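Have a look at the structure below before the remarks.
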Amino acid sequence: MRKSLFVILSLALAAAVFTTVVAAPKKGGMVVIAELGDNETLNPILSENSSETEVEQCIFSALYRTDQDTDYVLDLLAAMPTQKGLTYSYTLKKGVLFSDGHEVTAEDVKFTYETIMNPKVPVPSRDGWDKIKSFVIPTVAEKDPKTGKTRQVPDKYHFTITLKEVYARYDLLWANTFIVPKHILEKEMAENAAKKSENLLEKGGKFSRNPIGSGPFVLKEWKADQYTLLERNPKYYRAKEGMPYLDKILFKVIPDSNTQLTQLRTGEVDATQIQPAKYNDAMRIPSAKVYKNPAYIYAYIMCNFNDPNDLAKPHPILSDKRVRQALDYAYPREMVVEKVLENVGYPAYSNLPPISWAYNKDVSKPHFDPERAGKLLDEAGWVMSADGYRYKDGKKLQLTFYTNAGNKTREQVGVICQEYWKKIGVDLLLKYVDFATLTGDYMDNRKFDLLMIAWVSSADPDSYSLWHSKQIPTKENGMEGQNYVGYVNPEMDKLMEDGLKNDDKQTRKKIYFRMQEILAQDVPYIFVNFYCTVDGIRENLMNYKANPTLATGLWNAYEWYLAR
Amino acid sequence: MAKFILRRIIQAIPLIILVSIATYGIMLLAPGNAASLYAENPRITGADRLRIVKSLGLDKPWYEQYYYWAKGMLRGNWGRSFASGRPVLQEIMERLGATLQLMFLAFLLAFCSAIPLGIISALKRYSVLDWFVTVGSLFGLSIPTFWFGLMAQMIFAVYLRWLPSGGQYTIWLDAGFLGVLADRLKYIIMPATVLGLVSIAGWSRYMRSSMLDVLGQDYIRTARAKGLGERAVVFKHALKNAMIPVVTIMGLELPVFFGGAVITESIFAWPGMGRLFYHSIQSRNYPVVMGIVMITAVLVIAGNLLADIAYAFLDPRIRYDS
């Protein structure tokens, strides 16, 4: 009995030791990541492109981040904020240092907020930040070591933020917003003010090229248009736990997606994004794992409610709901995803993807029905004629479809629409232009009948700027909003306003469910597909967790390690 | 000769000014602007993009913008890139070296391959070798650079693992001078060959037909009749004259190297100006586009001037002094 107990115990001990040794992340090594473009700036306040966001994930810290399931993961905060009415109270971790040794305090968080709101700083977007009414850092009593007197100093680890009104997307504002060092940036801003520069912070400025953050890595070298090399930050607040495990991360600029895939194959890079069309190719690389990740990006065709030649008038063809519904019924959504996208992506029925918590699956059903489409057009007064097209009051049912040349998928969708809509008597003209022209001219000036493009969405279902009648961009309102189709519906207006004014998840869920029902009826957009991003990762890179939010796949680089 | 060169340089100035006005005007006529690329992000509204446009001074009329740009250029300030905010001159200079290296090597490879191939083809007309060179040329002229580059990458980098698939050098290489040179050669040889391929094909054909033309001339028959060896006939007399049209073609094709470099640089991740140029046009990054156009214009004019000077050495009948 004792002997067998001894054997069992030793086996158990051996197993425990073995698994710890095997499972413990190995320290060291370098990971090479391919980027399609170079960073323009590494100052997160001025940043917008995704290549630089990936690098900044490694250099900086935020109050908290979104993980792969879009839950919040604490970074600089000791705990998630407590909320009383419109006031949120925050507590920072103690002893977190920037890589130059300065401690990260509430002053740095306040400075980050104030810099974003500063009109003389060319921030790409202030969306949502203007809902903050006040940022208060309380004072605490501190004993001056020299004089022994007590004085009031700003609290280093606590602060409160009060909003002007309930704003449902407030939490997401701070997620992935990087905190910058006040002591460095205020010097640069003062220098630029003294020089009477147009902007207090520039993309080409000192901090942009030499960022200092509190993240797991520091910038070692940045060779423009070639590579960005990061090294372990010895002062990282989780260094005691051994993190980051990697010694270095190298971001290599490889501007061609075919070359990126080739380099993944040869081993010259360890991680890269892959074009969805190359998914099957990539699966055949033995030393790499390929991840297909649903994303918050969707492609769609927008239908102009107004006449592109005179925006004051309704569109002669598309302002009739039945015509839009007909186009939607005759569009082969599922076939396109299967044949054109080869199932890397999935059909879209509204602007919320299945991974969203507000996704309404009852209205997201395949409904390809060209017969019904034909009947709707008959009802709308468009009569089929001998030449195969429909006419009404002598006018032909002719529409122009705009999208950007060079995007193979969109070009193909245009041709498919032409073919399928011809069967119901619609004459579709295709016009493909370069991207900057498409957005800067046709979209901004609303000079289209139908326009296909994609939105990069966020984890929050709010769609105020898309559907609210006050969000139709015109020169008069300073181009505010993204309601390029000119959709006006008082019920939708109220839903969008309520969706933002409420922060109760259940209430909002009902609101956005109703939104999706209305969208299925009114068809301001013909939704095409949700994207999947495809990533190829070296099979010995552990702890990579694909992330569909703005946090990017680099959000947890601090816990990556190489198994061999 | 010196007066000739000076005259040409002076003539070049109004040409460059014309090029700059035309390029600037055409660029600004194209719809869209530097902020248009943000359009797919709903968090960046049209209002934000308008703000960006104003901050870059893009809402002013095109001649006003041109005036400020030209004024700056004359003072040596080439402006700042809309994308990175850094001085345009710095951005270009960082990449110019890489492009020139690639172009120079491609040119050298093309020259050293095309001329001998053309000569041999002409001397051994209708032979098997001539047939191979002709078919090879057609092949080289027909293949798109893009496809050839990818194929070369597949064969040499992926299957044979002889050469790296992209980049300019090994980043953490620690070797002596010869080691670094060997490393650099490893990276540049594929892109240079791909870039030079079209020129090898074209120039060898020109060389062949020009050589044939010259070899049929009277003075060649005279030289042979005089009893001169074939070698002397070909290299001392025929070649120099046959080179004249070929040199013309080389001078005219100089811009092709700049343009072809865009595709080659993208495939082989070569950090040159071509890539920067293509990307800047797409993103309407006017200061960078203008900077590169100016430099390219100057280099093309200089290249053609060199070609003209070369004539004087090749053909004693050509003299530029009055």
Side-chain angles (χ1 to χ4, degrees), chain A residues 37-41 46 48 122 124-128 198-199 202-205 208-209 223-227 229 250 252-256 258-259 262-263 265-266 268 297 433-444 453-458 463 465-466 471 473 477-482, chain B residues 30-53 55-56 80-87 90-91 94-95 98 146 149-150 153-154 157-158 161 164-168 171-172 263 265-269 271-272 275-276 278-279 281-284:
Chain A
D38 192 20
N39 327 309
E40 292 174 5
T41 169
L46 305 174
E48 240 317 310
S125 173
R126 290 196 180 94
D127 188 38
E198 178 83 36
N199 296 309
E202 290 283 6
K203 268 199 187 164
S208 295
R209 315 303 293 186
K223 201 110 199 247
D225 220 13
Q226 289 193 57
Y227 59 86
L229 181 62
L250 178 72
K252 235 172 147 182
V253 179
I254 301 173
D256 183 81
N258 290 307
T259 313
T262 306
Q263 295 221 345
R265 210 174 254 139
T266 61
E268 288 167 274
I297 309 173
V433 295
D434 87 302
F435 190 72
T437 311
L438 184 73
T439 59
D441 195 19
Y442 292 101
M443 197 174 89
D444 276 354
I453 202 168
W455 274 145
V456 173
S457 198
S458 86
S463 318
S465 66
L466 291 178
Q471 294 285 295
N477 78 349
M479 301 299 276
E480 196 187 315
Q482 269 115 15
Chain B
N33 51 59
S36 303
L37 292 188
Y38 289 133
E40 271 186 352
N41 186 340
R43 294 298 159 232
I44 298 182
T45 63
D48 289 317
R49 279 186 277 132
L50 209 63
R51 194 168 34 90
I52 294 172
V53 163
S55 79
L56 293 172
R80 283 177 179 268
S81 158
F82 288 163
S84 71
R86 290 200 305 158
Q90 187 182 4
E91 295 250 298
E94 274 174 0
R95 294 169 176 79
F146 189 89
L150 284 177
Q153 217 180 34
M154 263 298 153
V158 179
R161 303 274 169 127
S165 65
Q168 202 184 10
I171 297 171
W172 38 87
I263 299 170
E265 283 178 15
S266 291
I267 299 173
F268 293 101
R275 242 170 55 187
L276 178 66
Y278 180 62
H279 192 246
I281 292 177
Q282 287 233 297
S283 50
R284 309 284 197 270

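Quick caveat: nothing in here was measured; it's all calculated off a predicted structure.
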So what's closer than 4.5 Å to chain A heavy atoms on [X]: side chain, backbone, both or neither?
{"X": "B/I267", "answer": "both"}
{"X": "B/Q90", "answer": "neither"}
{"X": "B/P87", "answer": "neither"}
{"X": "B/Y278", "answer": "neither"}

#### Entry: Greatest number of heavy atom pairs closer than 4.5 Å to chain B - which of A/D256, A/D225, A/D441
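If we count pairs closer than 4.5 Å to chain B, A/D225 comes out on top.
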### Task
Mind ranking A/R265, A/E198, A/E202 by heavy-atom pairs under 4.5 Å with chain B and telling me who comes out on top?
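Most pairs with chain B among the choices: A/R265.
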Answer with side chain, backbone, both or neither: which region of [X] has an atom nearer than 4.5 Å to a non-hydrogen atom of chain B?
{"X": "A/L250", "result": "side chain"}
{"X": "A/Y442", "result": "neither"}
{"X": "A/T266", "result": "both"}

Taking all heavy atoms of [X] and all of [Y], pick out the closest pair and write down the distance.
{"X": "A/P122", "Y": "A/L46", "value": "O-CD2, 3.8 Å"}
{"X": "B/A98", "Y": "B/Q168", "value": "CB-NE2, 3.6 Å"}
{"X": "A/A224", "Y": "A/R209", "value": "CB-NH2, 4.4 Å"}
{"X": "A/W455", "Y": "A/L466", "value": "NE1-CD2, 2.9 Å"}
{"X": "A/Q471", "Y": "A/G481", "value": "OE1-CA, 3.1 Å"}

#### Entry: Which of B/G85, B/S81, B/S165 touches chain A most, by non-hydrogen pairs under 4.5 Å
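Going by pairs under 4.5 Å, I would pick B/S165.
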### Query
What option among B/A269, B/A157, B/A83, B/S266 has the most heavy-atom pairs under 4.5 Å with chain A?
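Most heavy-atom pairs within the cutoff with chain A belong to B/A83.
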### Message
For A/Q482 and A/S465, which I'm curious about, is there any donor-acceptor pair between the side chains at under 3.5 Å?
### Response
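On atom types as modelled, these side chains qualify, holding a pair under 3.5 Å.
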#### Entry: Pairing residues for B/R86 by the salt bridge (charged side-chain N to carboxylate O under 4.0 Å, His left out) criterion, not counting sequence neighbours
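Only B/E91, B/E94 meet the salt bridge (charged side-chain N to carboxylate O under 4.0 Å, His left out) criterion with B/R86.
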### Query
Does A/K203 have any salt bridge (charged side-chain N to carboxylate O under 4.0 Å, His left out) partners at least two apart in sequence or in another chain, and if so, which?
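Per chain and number, A/K203 pairs via salt bridge (charged side-chain N to carboxylate O under 4.0 Å, His left out) with A/E40.
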